Amino acid sequence: MNSDQHARDGTIQIVKRDGSTEPFCFAKLLSCIQCGFQDSGEMFDRHSATSQGLAEAVQTYLHKAEHDGPVPSHHLAKLVELVLSQTGHSAASMAIKRHTDLRRRQRNWIKVAHRRQRDGCIVQKRWSRRHVVDLLRDTHRLESPTARIISGRVEQVVFSCGLKVVTEQFVRETVNSELLAWGLLPGALAVKLKHKRGKGNKPPRVGDPKDTA
């Protein structure tokens with residue numbers, strides 16, 4: 001069975017930190033390993049074939065191992081780190097671990113402020129990517145894979161803004177901006193590129209004598 005077939009067969013489920021589950025995706029695993037090499041300062045071209053081979057090794061292990069249920073995402077991350085370190089790529093392994101730890105801390109640090117309906121008070125709740133996924137699925141009717149991709153983009157924007165508290169409205173506007181960028185926002189105005197005007201078709205300026213002719 002090749003990598004693409006493994007990615008689509010859905011026999012392995014990954015349970016995320018927020019409790020949601022999704023099918024194992026080879027492309028995401030490969031991207032994680034490639035990012036590890038890049039973040040460690042290694043050249044991408046140098047390790048592109050190595051990344052593919054390591055990702056396939058992890059995938060093969062997952063399919064051969066016995067699982068009582070969905071595989072926890074943190075278990076998969078540890079497996080990737082172990083495979084990299086045992087094959088002589090400790091720098092890439094450490095880069096992935098640092099990224100994972102940073103994401104966990106950011107999810108614990110950042111709060112979302114919203115107005116409580118019963119008394120109008122502004123309260124804060126911990127950031128949850130799961131809430132963004134639910135918003136995209138329930139309100140915008142997106143399929144789960146697409147919702148998770150866009151929620152990842154939204155999370156990246158929120159984390160990079162440098163704020164420890166963001167408003168619920170800010171999150172919703174960020175969601176709308178991502179949907180607009182992907183062409184998934186209903187009722188969005190299509191902006192058409194204007195053809196470049198030739199020299200003879202240059203529009204007259206305000207106050208041009210030709211306007212009064």
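None of the values given here were measured: they were computed from a predicted structure. Because only heavy atoms are used, hydrogens play no part in the values below, and waters and symmetry mates are left out as well, while side chains stay in.
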Minimum heavy-atom separation for [X] and [Y], please, with both atom names.
{"X": "S40", "Y": "A95", "result": "N-CB, 4.1 Å"}
{"X": "A55", "Y": "L29", "result": "O-CD2, 3.4 Å"}
{"X": "S93", "Y": "L84", "result": "CB-CB, 3.8 Å"}
{"X": "R129", "Y": "S151", "result": "NE-OG, 2.9 Å"}
{"X": "A147", "Y": "L136", "result": "O-CD1, 3.3 Å"}
{"X": "V165", "Y": "A113", "result": "CG1-CB, 4.0 Å"}

Within 6.0 Å of [atom1] in [X], more than 12 heavy atoms from elsewhere:
{"X": "K125", "atom1": "NZ", "value": "yes"}
{"X": "R107", "atom1": "CZ", "value": "yes"}
{"X": "K97", "atom1": "NZ", "value": "no"}

Going only through I, L, V, M, F, W and Y residues with side-chain contacts under 4.5 Å, is there a path from [X] to [Y]?
{"X": "M94", "Y": "L76", "result": "no"}
{"X": "L163", "Y": "V154", "result": "yes"}
{"X": "V71", "Y": "I33", "result": "yes"}
{"X": "I149", "Y": "L179", "result": "yes"}
{"X": "V158", "Y": "I150", "result": "yes"}

Between [atom1] on residue [X] and [atom2] on residue [Y], distance to nearest 0.5 Å:
{"X": "I110", "Y": "F159", "atom1": "CD1", "atom2": "CZ", "value": "5.0 Å"}
{"X": "Q169", "Y": "N176", "atom1": "CD", "atom2": "CG", "value": "8.0 Å"}
{"X": "K28", "Y": "L30", "atom1": "NZ", "atom2": "CG", "value": "13.0 Å"}
{"X": "L54", "Y": "T87", "atom1": "CG", "atom2": "OG1", "value": "4.5 Å"}
{"X": "W109", "Y": "R126", "atom1": "CH2", "atom2": "CZ", "value": "13.0 Å"}

- Task: In sequence, state the C-alpha distance, the side-chain angles, and the governing distance for Q13 and F24, and then conclude on side chain to side chain contact (heavy atoms under 4.5 Å, CB included).
- Result: CA-CA 6 Å; Q13 295 290 317; F24 166 76; over 6 Å; no
- By side-chain contact (heavy atoms from CB on, under 4.5 Å) - contacts of Y61 (at least two apart):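 Checked Y61 against side-chain contact (heavy atoms from CB on, under 4.5 Å); matches are A65, L79.
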- Message: Hydrogens and angles aside, do W127 and E155 bring a side-chain donor and acceptor to less than 3.5 Å of each other?
- Response: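 The answer is yes; a qualifying pair exists.
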- Message: Quick one about Q106 and R103 (side-chain donor to acceptor, distance below 3.5 Å, no hydrogens or angles considered), yes or no?
- Response: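 The answer is yes; a qualifying pair exists.
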- Any side-chain heavy-atom pair from R115 and V123 closer than 4.5 angstrom?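 Answer no - side chains too far apart.
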- Query: Given the rule in the side-chain hydrogen bond (donor to acceptor under 3.5 Å, both in side chains) test, do Q38 and Q34 qualify, once you have shown the distances and angles that lead to the verdict?
  - Reply: CA-CA 6 Å; Q38 291 176 334; Q34 290 173 336; over 6 Å; no
- Salt-bridged, R116 to D119, with N to O below 4.0 Å?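 Yes.
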